[in-house]
Each structure stands twice: as structure tokens, then as C-alpha cells.
Amino acid sequence: MEKTGKSRKRLRAAKELNRVVTEYYVECGRAKAEGKPVGWMPPMNGAIEIFYAMDIQPVFPENWSPICAAFGLAERNFEVAEGMGYSRDLCGYMRNIIGYVHGLMKEEGTPLGGLPEPDILLSPGGGCVPVIKIFQALERRFPNAKVYPADLPQVPTEEIRQHHVDYAIAEIHRLIDFLSQATGRKLDQDRLKEVVKLSDRSCELWDEIMTYRRRIPTPFSAAEIGIMFVMVTRQGTQTAVDFLTTVRDEVKEKSAQGLGVLEQEKIRLFWDNIPLWYNMGLFNHFEGMGGVVVAETYSSAWSLRLDVNRPIEALALKSLKSYPMVSCVSVDKRVEMVIKACKEYSIDGAILHRNKSCLPITLGQMDIKRALEAELGIPSIVIDADHMDSRNFSVEQFRTRVDAFMEMLLARKS
Amino acid sequence: MSSELAARFHDAIENQEPRLRTLAAQGRRILGYFCTYTPVELIHASGFVPVRVMGGVRTLTKADTLAPSFLCPYMRAALDKALSGEYGFLSGIVQGYTCDAACGAVRIWERNIPGEIYHTIALPYCDSPSSRRFLLSEIDALTVKLRAIGGTFSEQSLADAIELYGKIRRLILKLYQIRYDERLSIQASDFLAIIQAGFMTPPEDYLRMLEDSAPITGPSVASERGGTRVLVSGSLVEDPKILDLIEESGGLIVADDLCTGIRNFEPVSGFGLDPIQRLIDRYMNRAPCPCRSRVSDRAPFIEHLLERSGAQGVIFLFQKYCTPHLADHPSLVEHFKAKEIPSIAVEMEETGVNEGQLRTRLEAFFEMLR
Ligand code: SF4
Ligand code: SF4
Ligand code: SF4
């Protein structure tokens, strides 16, 4: 096993995914060239649908980071950011994007054409601190961009009340007004409905795709989780729906035929926290011992439906719920979701990635560990690593710990 | 080291646990909070004693069971203390939303430390009529929750609490003025003790302590100390040793941008037609912490303090792993560099600081400033 490496993908749709990724970034570059407004925004909120509905090109700096990791550009970006004084203790997404916009972005020849400069920055007032600070740093880097200072109350999902929804709705209206002024484009209500419908359809497909993983053997593993690219960057487009339909069809067919990732699936694993983007090959490591990662917390971020008849409210709720659901804003909810998933997906053991680069997703993990043991008797191990910075990851330690864990699980099962 | 003036404040810190335990045994209900963005007036107006949860200086034995090593030492120490039963006098936590660490800590405490209420107020990030309306609803929701556990909120009790805390803040700010004019007889670690004691003493008692302290209300004492004038900036300073170290190495701390410092006191109050509006106004205009504001808000605030105090440089004191402060650091440094204001940064780890090394760095820094 190497310190960095790509995963072995088995779905035919994986090839299709490469095309979708490339096309998205080509589209971003083309938008700039054609004078279409380009807006940079954080992921996991209801603004993406507004951007697509108003024909503004959304760009996601956080999604660019996994791409940099996969292309081996992260080290260079970290070097630039750390040279500017950004601490190594800061989230890797933050160091990567700041390093990129001050370094590689100014050069030619970046994979996928790099990111186009923003005309608009949606600078969040909610979500994690790193994401807020990333955008504040971008405000300084791109002084000509029009800045929308957004706001979003952070509430555990189970505690969302009407006044939270009302404020989130008011904020979406404010965003629409801002975008109209900044771009001269109007929001067409019918178009918005259409986009929200597509977005909801992609969530529905997403959920359906995930349910096939409950089958034993599972038709695909976390090694294929790159498919969530469309949930991050393409929600509200036909592209997302088409791609997810392709994935669904393939997964459904595999399930019907009883085809699994492994012929002899012995151990079903759960993964908590963000994957190691520079080493997705880790997910294949378990396969050698008959283990498959069949579910993960991260993918639940898109497991929510949108009420097409009340599009603005639906987007407000999406904004309110998406980040809390996967972070320490809603630890209770997260524990509950993990327990539910572990039951539904017949999980034998859980791998908790203690992610140096992401405090908000890591906090509460020990509560998940305790709950798994207490409520389901499911054992778990904690792996110290980092989703962006390979310097915080030791392959040897990973292998030793995971192998011992797998052996224990195998012994328990036999 | 500590002067007589500071002795009672040091005592309040050292004996906080037995005191607060006794208070709780006598039937007073105590609620904890982490960040100074928590409207303590509201807690007080509901009949609870607000106490800021601190970590203190301790060897951690239990925090690892629930938190990663890369959580800030403050939150780790506080959790450790709570898990060791030392916060048994609290009825729970009410916290104003600030950073990821504090946000997660509330939820982890809720699951692992017994208490009646664990609540985070979803503070708005932006200030606008609509965000203020939202905050009003958020406050209403909290008072309802507090009422359910015996809270006694009324508009009058809020007005009283605002007045009480206003008096405290005014006295402390007066102390700052004396400090800026270099007429303060106590060292920075004693000054910190005066402020820290306020976090863990019922405000009525604390006000009395402040009023009884001659140099605050009486004639000021001319400073006998020399040293290079500096401002310290960061989140919490818990261990006063670091401040002593700075002053022993040739520095004179004349101003701070800390949340165990001036950010807790500015502004004294807010404007509005009724107490709730005044409360909202204060918290929307609070002295800026990095998780709730931009560098463009923080830099002028710090610069003003530098000007007022005549500090010649900035010493950043970071809690290790504290994302909000670390994230702002490079742009603040750049900003200050452009204005020829030198700065250095010190990280405070769970185990403290490396004294020898730090002394050398500080001495070089002061040498350069001279
Ligand atoms: S959620 Fe985690 S990984 Fe994402 S920006 Fe925030 S800290 Fe970084
Ligand atoms: S600096 Fe951080 S710990 Fe201190 S009050 Fe502000 S947000 Fe809270
Ligand atoms: S602002 Fe910094 S020191 Fe304060 S709780 Fe958050 S991480 Fe810890």
C-alpha cells in the first residue's frame, strides 16, 4: 500500500464520472470566457439552485481541494499558504485553496483548466469557521468581486423552529435581490421550480442508490464515493439527474444479479468522516481481507428531500440542515443516523477517521463510538489521519491498526 | 507577586469551586457559558447565576475519552474538568454560537455531563433589521426554555441585569483607562485575575469587590515599572504565567485584545427602546472575536487600542489549534506590517509554553522594539 493512491473502481459509471467532472470544470472556464457571471460559493446549501436558476456559474472552492489532492497539487498549495503564515493546524481545504489562489492559479497549465476568477463571492456567515475564513481570505484576494455577506443560523436539525426557517427564507430573498443587482439577471419562478425539482430528484436518486448498498453483497463501496461530485456541484441540473440515473441503473442491475464488490463479502464496514482524498485506494485495502465499506456518514448530507411546491422554503431548509447533519452542530442527530445506518446496512464494524483537518466533523465522534458499542455492540477503531494533508497520515499505522481490527471482526463472525 | 488589591480576586478564582458549590447548595441555580458572546444579562434576568466555564491550569486525564487532541486546550481542559465532576454545581450550559470547538463542546457536554439545559443561541453573523428580529425570536425561545426549568425572566429583571453588568463593565473600562495611562500599579497577571474572577463570581458580589478596590475608584497609583509597551491579542489566556513571562522579559502589557480582557466589556451596553432591544444592540455591536467578524473589523479595533495605549507592538497569544484566531493571523500581520507595527505569535499548548525558548524570543522582540 502506498501513502497516496487512487481507488480501484468497479462501476462503469466511474468513467462517466470523469467526463462529468471534466465537463463541469470546462463549463466553469467557458462561462468566464463568454462573460457569464461566475460566483464562488460554499457547498451544502440552497444557493446552488438559485445560481443555476439564474444562470450564474457556481464554483466550489472546497470541491477544488479534493481535485488538487487527487492530482497531487495539494503539497504545492500548502507550501504557498504556509509560506504566507497559515498554520499547519488549519483545515487542509483552507490551506489548499488559499495556497492555490495565491500560487498555481496565477500560472498556466493547471489540470482541468483551473478555476476562473470570481465575479461574485457568496461569503458565508454560517457553516464551519474554516469555510467562513476561506471566503474572507478570498474577499481579500479578489477585491473586484462583488461580495454577498451571507448569514445562516446554526441550529441542531431537531431544534429548527419556524423563526429559523423564516430568517433563512428572508436570507434567500436577500440573496436573490443581491444577485439580480449584481448581474442584472432576474429569477424566473418557473425556472426555479424546475431547478428545485431536479435537485429533489437527484436527492431521491441518491437515496435510492444508497439503499442498494444494503444488499449483501453490496454492489459498490466507498471506493466509488466520488459520485457525490454531482451532489456538490450539479444539484439542480439535468446533468446530475442523468448521471445518477445511470449509476442507479447500473447498481440496480448489479443488485438484481446478486453481483457484489466481493464475491465473498465477509465484513461490512462503516466509515465516519471525510475520506482521504489523496488515497482513495485505502478503501480497497479492506477487500484483501474480505471487508467492504458499505456506508459512510458523509453521504447522508444529501439525504434530504425538497418540497417543489415551496421552492424557497425548501432551499432554506436545505441550507439549515445540510451542514449540521454531518457536523458537531447536531451530534445527537448524527449519532442517531449512524446507528440507523449501521442497522440498515448490517454493519460489522466502524472506522472512525479522526480527521486532523476537520474538527467540526471529528467532534462528537467518540460519542458515536460509545453509542455503537452500547446500543448495537458494534466495535469501531479510530484512525488518525487527515482528509487533505498526507503529512498527517501514516500508512504503516493505518495498516497495522486496520488489519488487527479486521482480524478481530473476522474472529467474531466465525 | 500579587498585590493586596488583587489578592481577593485571586482568592475568588482559587476558591471558585467550593464557593459555587455552596451557592448551589443554598438553592441558587448556576448556568455555565463558554464564550463572551453569550448574553449573560439574559441568564441573570432569568434568575440564574451565569458563570463562564474555564479550563484552568491542569493535567488532563479524561478529555481524551471524548475529544481529539487537536481541540483547543481551553475546551479540552474545560471538558476534562467537567468529566472530573468539578462543574457539578452547574445546571447546564447556555452558549452564544461562536466557533466549531465551542459549538461541538455544548453537544458533547449535553451527552456526557448531567444538566437540565444545554442550549446554543444561534447568533446571526450579519447585522440588519431582519437579523435583529431573528435574534429577538431566538431570545424569546431561550427564555421559554429557561422558564421550563424555573426561569423567572421579566422585562424589569432584564433592565436590572443590564444595569448591573453595565456598572461592572464601566468600572473595568475605567481600569483600562488607568492602565493605558500607565498609572496602574499591578502587573498584567493580576489584572487578568481581576477579570477572571468576574467570570466566576455572582455579579452583585463582583461589583462590590470592584467598588471596594481603591485604585479603581480612588486616586491612581503611578507605575514604577518600565518595559516595552505591548498589546496582547488572542482568545483566552488562562494561565497568568505567560503574562508574567512577557513582563519579566522586558515587556509592559498596556493593552489587550483578549476575550479574557477588553472584548468582554465593550460596549458597556446598547441602544434601544426597551431592554431587549438594548441587549440585542449590545451583542450585535460586540467587540469583535474572529469567529464572528472579519479582519477588516478587527484591525481597526486593535489599532485603536494600540493608539490609545501607546503600545509599540503586538504579541499574539494563541490557544493551540484555535482556528478562528490562527486563520486571521496572516492577514492581521500583513495589515500591521504595512503600518510598521511589529508582532510575534506565541502558541499556548495544553502543557503550557516552553519557557526558556519563549524568553529568548521575547527578549529579542523587545530588543527590536526599543
Ligand atoms: S467542514 Fe471540515 S473540511 Fe470542510 S471546510 Fe470545514 S473544517 Fe474544513
Ligand atoms: S475568542 Fe473565542 S473563546 Fe474567546 S469569546 Fe471569542 S469566540 Fe469565545
Ligand atoms: S475561539 Fe479558539 S480558543 Fe475559543 S473555543 Fe474556539 S477554538 Fe477554542
Side-chain angles (χ1 to χ4, degrees), chain A residues 81 84-87 89-91 94 98 123-130 132-134 136-137 139-140 149-156 159 161-164 166-168 170-171 174 327-332 334-335 354-367 370-371 382 384, chain B residues 64-72 75 97-108 110-112 119-128 130-131 133-138 140-141 290-296 318 320-334 345 347:
Chain A
M84 292 170 72
Y86 285 94
S87 161
D89 288 331
L90 290 165
C91 156
M94 176 171 198
I98 289 179
S123 197
C128 66
V129 172
I132 293 175
K133 291 294 167 189
I134 286 173
Q136 292 177 3
E139 289 172 22
R140 293 186 290 271
D151 201 353
L152 185 69
Q154 299 298 294
V155 201
E159 283 181 32
R161 300 284 173 270
Q162 193 55 44
H163 69 277
H164 300 116
D166 290 344
Y167 185 50
E171 279 296 290
R174 186 167 71 91
S327 71
C328 63
V329 179
S330 280
V331 175
D332 284 354
R334 228 168 98 215
V335 171
R354 184 155 58 195
N355 184 352
K356 170 83 199 294
S357 255
C358 185
L359 179 70
I361 299 185
T362 302
L363 272 184
Q365 210 166 42
M366 299 310 270
D367 287 279
R370 287 182 171 191
V382 174
D384 283 295
Chain B
D64 279 335
T65 58
L66 288 173
S69 60
F70 49 87
L71 174 65
C72 70
M75 279 300 161
Y97 190 95
T98 50
C99 71
D100 306 324
C103 164
V106 176
R107 304 277 74 104
I108 292 174
E110 180 175 28
R111 294 182 63 91
N112 299 282
H119 181 86
T120 300
I121 307 167
L123 298 170
Y125 203 92
C126 305
D127 188 4
S128 70
S130 118
S131 73
R133 270 196 303 280
F134 166 73
L135 184 52
L136 177 64
S137 311
E138 205 46 15
D140 285 344
C291 23
R292 308 302 300 165
S293 49
R294 291 172 161 74
V295 170
S296 51
F318 295 132
K320 176 95 175 151
Y321 307 116
C322 168
T323 292
H325 283 268
L326 289 172
D328 273 3
H329 181 230
S331 357
L332 272 179
V333 169
E334 196 186 302
E347 278 193 326

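Because the structure is a prediction, the values reported are computed rather than measured. Lettering follows sequence order; numbering is per chain, from 1.
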Selection from B/E347, B/R133, B/K320 maximising heavy-atom pairs under 4.5 Å formed with chain A: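 If we count pairs closer than 4.5 Å to chain A, B/K320 comes out on top.
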Among B/S130, B/A122, B/P330, residue most engaged with chain A (heavy-atom pairs, under 4.5 Å): B/P330
Atom pair [atom1]/[atom2] of [X] and [Y] - distance to nearest 0.5 Å:
X      : Y      : atom1 : atom2 : value
A/T362 : B/D100 : OG1   : CG    : 10.5 Å
A/S123 : B/R294 : OG    : CZ    : 4.5 Å
A/S87  : B/H325 : OG    : NE2   : 13.5 Å
B/C126 : A/R174 : SG    : CZ    : 5.0 Å

Which one wins on heavy-atom pair count under 4.5 Å against chain B: [options]?
options                        : answer
A/R140, A/R354, A/Q365, A/M84  : A/R140
A/D166, A/D367, A/L359, A/V331 : A/D367
A/G126, A/P130, A/P124, A/G127 : A/P130

With the side chain counted from C-beta on, respond yes when [X] and [Y] share a heavy-atom pair under 4.5 Å apart, and no when they do not.
X      : Y      : value
B/P124 : A/Y167 : yes
B/S331 : A/Y86  : yes
B/E110 : A/P156 : no

Side chain, backbone, both or neither of [X] within contact of chain B (heavy atoms, under 4.5 Å):
X      : value
A/A81  : neither
A/E139 : side chain
A/R161 : neither
A/Q136 : side chain
A/E159 : side chain
A/V335 : side chain

Kindly give the heavy-atom pair with the smallest separation between [X] and [Y], and that separation in Å.
X      : Y      : value
A/M94  : B/A327 : CE-CB, 3.6 Å
A/V129 : B/C291 : CG2-CB, 4.2 Å
A/L363 : B/G104 : CD1-CA, 3.8 Å

Step-by-step side chain to side chain contact (heavy atoms under 4.5 Å, CB included) determination, A/H163 to B/D140: CA-CA 10 Å; A/H163 69 277; B/D140 285 344; over 6 Å; no
Non-hydrogen atoms of chain A under 4.5 Å away: do they reach the side chain of [X], the backbone, both or neither?
X      : result
B/A345 : neither
B/T65  : both
B/T120 : neither
B/S296 : neither
B/N112 : side chain
B/D127 : neither

Electrostatic pair A/D332:B/R111 at N-O distance under 4.0 angstrom: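 Salt bridge between A/D332 and B/R111, a charged N being under 4.0 Å from a carboxylate O: yes.
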Any donor-acceptor N/O pair, A/K133 side chain to B/P290 backbone, under 3.5 Å: yes
Distance flag, aromatic centroids of A/H164 and B/F134, threshold under 6.0 Å: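 Yes, ring centres under 6.0 Å apart.
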Test side chain to side chain contact (heavy atoms under 4.5 Å, CB included) applied to A/K356 and B/Y321, step by step: CA-CA 10 Å; A/K356 170 83 199 294; B/Y321 307 116; 3.8 Å; yes
